Amino acid sequence: MAFFSRFSSNFGIFFFLFSLITAVTSAQLSSTFYNSSCPNVLSTIKSAVKTAVANEKRMGASLLRLHFHDCFGCDASILLDDTSSFTGEKNAGPNANSVRGFDVIDTIKTQVESLCPGVVSCADILAVAARDSVVELGGQSWTVQLGRRDSTTASQSDANSNIPAPTLNLTDLITAFSNKGFTSKELVALSGSHTIGQARCTTFRARLYNEPNIDSSFATSTKSNCPSSGGDDTLSPLDVTSPTTFDNAYFKNLVSLKGLLHSDQQLFSNGSTDSQVRAYVNNPSSFRTDFANAMVKMGNLSPLTGTNGQIRTNCRKVN
């Protein structure tokens, strides 16, 4: 399921949370779900992600973003192509010409199907690939709960309607996250996923040219790649310091007024989350731990389990 504004194919990681319109549930997931039915699935996914990220560092952020955009119910609905009976999510406003990594997921699915036909869901592949991508870029690992099943439909209207813009102020961000069961601390931790990936000029132009709380040299250098008009699809890194390394530089950038998006800089704008941003600047290990825990929580948001949904053979279409 989608959740971002029309950011770059890498941009993924912040507004995804807002497409999550259901609260955290006690999903029947287990880290050992495939231990007997497909014991080599985790190593297979890890190897494929390692290869993909080695070929293109940017792909790590793209795969993480795919999982986030899917987590309306973490049901692989974002992977479905349009059909005559429904219009899927790939061409929704937040996703069109933006989300990427589908071919990598296809490759992984083909490999997994050859090992264990009809056993591993596309939704679980997305969840594991997101974790492995973070690890490949230097981030914290976490134990992925497994047992999700795949949806048999998708909704472009939901993808469009459930995604706030990157222009949200802090109060709205806190409310949106709270409505999904996340604390302000988790809001800040999950926003730290913007330590990797890129955003399109159109998503941050207004901040760049109109907002005063931005470092002047950062603004000048970024304007060279994002003109006041035109160049909407030109990309800039969300973390200007280390855009392909999963670290705490994102928070250091916020303190230095180098947040790329309005919604990013809102986390450090003389508001209630300033102290948490500073905490992650001073203690990167706490960020790593909190991010991993929040990712587990996000992955448990209303997945299909048991006999609901299906295990797709091809992630792009229902069986």
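Quick caveat: nothing in here was measured; it's all calculated off a predicted structure. FYI, the numbering just counts along the sequence from 1.
Under the 4.5 Å side-chain criterion, counting only non-hydrogen atoms from C-beta, Ile196 is not in contact with Lys57. You'll find the side chain of Met59 reaches within 4.5 Å of the side chain of Val104, heavy atoms only.
Residues meeting the side chain to side chain donor-acceptor pair (under 3.5 Å) test with Asn270, sequence neighbours left out: none. Residues meeting the ring-ring contact (aromatic ring centres under 6.0 Å, His included) test with Phe204, sequence neighbours left out: none. By the side chain to side chain contact (heavy atoms under 4.5 Å, CB included) test, Thr289 pairs with Asn293, sequence neighbours left out.
In this structure, Lys223 forms no cation-pi arrangement with Phe218, as its terminal cationic atom is not both closer than 6.0 Å to the ring centre and no more than 45° off the ring axis.
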Next on the checklist: If you apply the rule salt bridge (Lys or Arg N to Asp or Glu O under 4.0 Å), what do you find for Arg205 with Asp232, and how did you get there?
Outcome noted: CA-CA 9 Å; Arg205 179 184 286 120; Asp232 285 1; 2.8 Å; yes
Item to check | salt bridge (Lys or Arg N to Asp or Glu O under 4.0 Å) evaluation trace for Lys317 with Asp81 | outcome: CA-CA 6 Å; Lys317 61 183 182 180; Asp81 290 334; over 6 Å; no
Item to check | CA sep, side-chain torsions, deciding dist, call: Asp75, Arg148, salt bridge (Lys or Arg N to Asp or Glu O under 4.0 Å) | outcome: CA-CA 7 Å; Asp75 58 4; Arg148 299 169 190 79; over 6 Å; no
Checklist entry - For Glu113 and Arg312, what are the C-alpha separation, side-chain angles and deciding distance, and is it a salt bridge (Lys or Arg N to Asp or Glu O under 4.0 Å)? => result CA-CA 10 Å; Glu113 282 295 303; Arg312 288 185 218 140; over 6 Å; no
Next on the checklist: Is there a side-chain hydrogen bond (donor to acceptor under 3.5 Å, both in side chains) between Tyr34 and Asn40? Walk through the geometry before answering.
Outcome noted: CA-CA 9 Å; Tyr34 297 115; Asn40 294 322; over 6 Å; no
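Arg207 and Asn213 are linked by a side-chain donor-acceptor pair at a separation below 3.5 angstrom, with hydrogens and angles left out of the test. Ser85 and Thr83 form a side-chain donor-acceptor contact under 3.5 Å, judged by distance and modelled atom types alone. A donor-acceptor pair shorter than 3.5 Å cannot be found between the side chains of Asp172 and Thr175. In this structure, a donor-acceptor pair under 3.5 Å is absent between the side chains of Asn225 and Thr234.
Under the 30°/60° scheme for interplanar angles, the aromatic rings of Phe251 and Tyr280 are found to be tilted. Ring-plane geometry between Tyr250 and His194 is classed as perpendicular, the angle between the planes exceeding 60 degrees on a 0 to 90 degree scale with a lower cut at 30.
Taking the charged nitrogens against the carboxylate oxygens, Asp103 and Arg316 do have a contact shorter than 4.0 Å, which makes a salt bridge. Between Lys90 and Asp82 there is no salt bridge, since no side-chain nitrogen of the basic residue lies less than 4.0 Å from a carboxylate oxygen of the acidic one. Salt bridge annotation for Arg131-Glu136: absent, with no cationic side-chain nitrogen under 4.0 angstrom from a carboxylate oxygen.
Hydrophobic clustering, with ILVMFWY side chains joined whenever heavy atoms are under 4.5 angstrom apart, keeps Val318 apart from Ile78.
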